[in-house]
Novice: 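Questions regarding the structure given below will be posed in turn.
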Amino acid sequence: MNILITGGAGYIGSHAVKQLHALGHAVVVLDNLVRGHRAAVPTEIPFYELDLAETDRIVELLLRHEVEVVMHFAALTYVGESVQKPLWYYRNNTAGAMSLFEAMERAGVKRCVFSSTAATYGEPDEIPIRETNRQAPINPYGRSKWFVEAILRDIVAADPAFGFVALRYFNVAGAAADGTIGEDHEPETHLVPNVLYAAMGKRENITVFGTDYATPDGTCVRDYVHVDDLVEAHILAMNTLRDGDARFYNLGIGRGYSVKEILDAAKRATGRDIPTKFGARRPGDPARLYACSDAAQRELAWKPRHTSVDEIIDSAWRWHTAHPDGYDASG
Ligand code: UDP
C-alpha cells in the first residue's frame, strides 16, 4: 500500500514507519520537525518537512505518491502544555487535522487511521474503560483529539466511501527491539523515560506525583502498552478498513501498573538505584486509568506481545543506554 505517515519523525510515527517499511509498504513521511527528529526516519524514505496547515502541498504529495491511506500521528501531546497553550493545541491538532482531511478529500484519499487518546474520556465513569464509555475530556489536549473524532464521523456521514479507524491510546512506552529508534522528547514529561533518565544520572531524581490516591499503594495506576504492539494495531486497523467505517478502539494491555510498580520494574531492568522524591499530585491526573481492549483484540485480532511492564522498560532501557543523548548524538 502507499501510505502517508504524518508525524513519522515522532516517537510513535517513527515506529510505524519502521514496521510498515519492513513489511514492504511504500511509506511517505510528513513532519514539521517541531517535536520530531529527522534522524528517526531512514534516509531512503521520502520525507517532507511540511506543516499540516499546508493543505495545497499535502494535496500535491498525496497525488504524487498515489497515497491510498493516511496514518495520522502528527500532534502535540502534552496535557500540561495544552492547558497553558490551548490555541496552539487546537491549531495543531484540530485545525491541522481539518487541513489534512481537506487535502485528502481534494486528492480522493478515503482511508485514515487516526491517533486518538484515552484523554478523550476524561475522568472515567467506569474502570476498565470501554469504547462505549462517556467521553468528557478534561483538558485541551483531550478535547483537541475528541473534536477530530467528531469531524471524522461527520466526514463518513457525508461520504460513505470514506472510512476511518480511531485508536485511543493509553500510556505508550518502550522502543524498537533492535534499539535503533525510541522515545526522545524535549521537554520530556512522561514517567518511563524520566525514570530511566534518573537511573542514568541524566536527571537528579524522579518525583512521584501523589502518594495519597485511592489505589493499593497510593500512587496513580496507568495502562502501559509497548509502542511496537500499538503500531501493530494500526496495521491491523489499516488492513481491515472498509467504506463507511467509523470505528474506535482502545489500545492498552488491560492491566494497570502504579507509579511505584514502574519504579520497581525500572530498578530491575537497570540494576540501578533510582533516586526518588515523593511530591504533590499533578493537577488533572485521574487515580486509575486502564483499558478494556477486548474490542481491538476481537475485531482486529490484535494480540499485544509485550504483556509485562518489565519487557516494555527493558526495551526503553536498551534505547536510552545506546543513545544517551537521544537522536542528537546519533545524527
Ligand atoms: N508521573 C510521576 N512522575 C513523573 C511523571 C509522571 O509520578 O515525573 C506519574 C503521573 O502522575 C501519572 C503516571 O506517572 O500518574 C504516568 O504519567 P505520564 O506523564 O507518563 O503519562 P500520562 O498518564 O499523563 O499520559
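Only heavy atoms go into these numbers, but all of them, side chains included; no hydrogens, no water, no symmetry mates. For ligands, and for the atoms within them, numbers begin at 1 and follow the listed sequence. Everything numeric here is computed off the predicted structure, so don't read it as measured data.
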Novice: Report yes or no: does a heavy atom of Asn194 sit under 4.0 Å from some atom of ligand 1?
Specialist: no
Novice: Could you name the option among Phe278, Tyr141, Phe209 that has the heavy atom nearest to atom 7 (O) of ligand 1?
Specialist: Phe209
Novice: Counting heavy atoms only, which of Leu289, Val192, Asp285 is nearest atom 11 (O) of ligand 1?
Specialist: Asp285
Novice: Backbone, side chain, both or neither: what part of Thr219 comes under 4.0 angstrom of ligand 1, heavy atoms only?
Specialist: neither
Novice: State whether the shortest distance between N or O atoms of His190 and N or O atoms of ligand 1 falls below 3.5 angstrom.
Specialist: no
Novice: Classify the ring geometry between Phe164 and Phe162 as parallel (under 30°), tilted (30 to 60°) or perpendicular (over 60°).
Specialist: tilted
Novice: Thinking salt bridges, do Asp229 and Lys303 make one under a 4.0 Å N-O criterion?
Specialist: no
Novice: So if I count the atoms of ligand 1 from 1 in the order they appear, which ones are less than 4.0 Å from some heavy atom of Thr189?
Specialist: 5 (C), 19 (O)
Novice: Can the ring centres of Phe248 and Trp146 be said to be less than 6.0 Å apart?
Specialist: no
Novice: Check whether any heavy atom of Val79 sits under 4.0 Å from an atom of ligand 1.
Specialist: no
Novice: Using a 4.0 Å cutoff against the non-hydrogen atoms of Ile206, which atoms of ligand 1 qualify?
Specialist: 8 (O)
Novice: Among all protein heavy atoms in this structure, tell me which lies nearest to atom 9 (C) of ligand 1, with the distance rounded to 0.1 Å.
Specialist: Val259 CG2, 3.8 Å
Novice: Asn171 heavy atoms, cut-off 4.0 Å: which ligand 1 atoms fall inside?
Specialist: 16 (C), 21 (O), 22 (P), 23 (O), 25 (O)
Novice: Under a 4.0 Å N-O cut-off, is there an ion pair linking Arg222 with Asp285?
Specialist: yes
Novice: Test of understanding: given a 4.0 Å heavy-atom threshold, classify the contact between Ile262 and ligand 1 as side chain, backbone, both, or neither.
Specialist: neither
Novice: Taking the six-membered ring where the residue is Trp, are the ring centres of His234 and Tyr169 under 6.0 Å apart?
Specialist: yes
Novice: Give me the ring orientation class for Tyr78 and His185: parallel if the planes are under 30° apart, tilted from 30 to 60°, perpendicular past 60°.
Specialist: perpendicular
Novice: Atom 15 (O) of ligand 1: which of Cys220, Ala173, Pro193 has the nearest heavy atom?
Specialist: Cys220
Novice: Answer yes or no: is there an ion pair linking Lys260 with Asp217, defined by an N-O contact shorter than 4.0 Å?
Specialist: no
Novice: Salt-bridge test for Asp310 and Arg268: reply yes if a basic N is under 4.0 Å from a carboxylate O, no otherwise.
Specialist: yes
Novice: As an exercise, state the distance from CZ of Phe101 to CG of Leu152, rounded to the nearest 0.5 Å.
Specialist: 4.0 Å
Novice: Measure Leu191 to ligand 1 on non-hydrogen atoms and call it side chain, backbone, both or neither using the 4.0 Å cut-off.
Specialist: both
Novice: Residue-level breakdown please: for Tyr224 versus ligand 1, do any non-hydrogen atoms fall below 4.0 Å on the side chain, on the backbone, on both, or on neither?
Specialist: side chain
Novice: Is Asp212 salt-bridged to Arg281, cutoff N-O under 4.0 Å?
Specialist: yes
Novice: His65 and Tyr48: aromatic ring centres closer than 6.0 Å?
Specialist: yes
Novice: For Val208, counting its heavy atoms only, list the atoms of ligand 1 lying under 4.0 Å from any of them.
Specialist: 7 (O)
Novice: From the options Arg282, Lys260, Arg222, Lys277, select the one whose nearest heavy atom is closest to atom 17 (O) of ligand 1.
Specialist: Arg282
Novice: Out of all atoms in ligand 1, which are within 4.0 Å of some heavy atom of Thr207? Include the element for each.
Specialist: 2 (C), 3 (N), 4 (C), 7 (O), 8 (O)
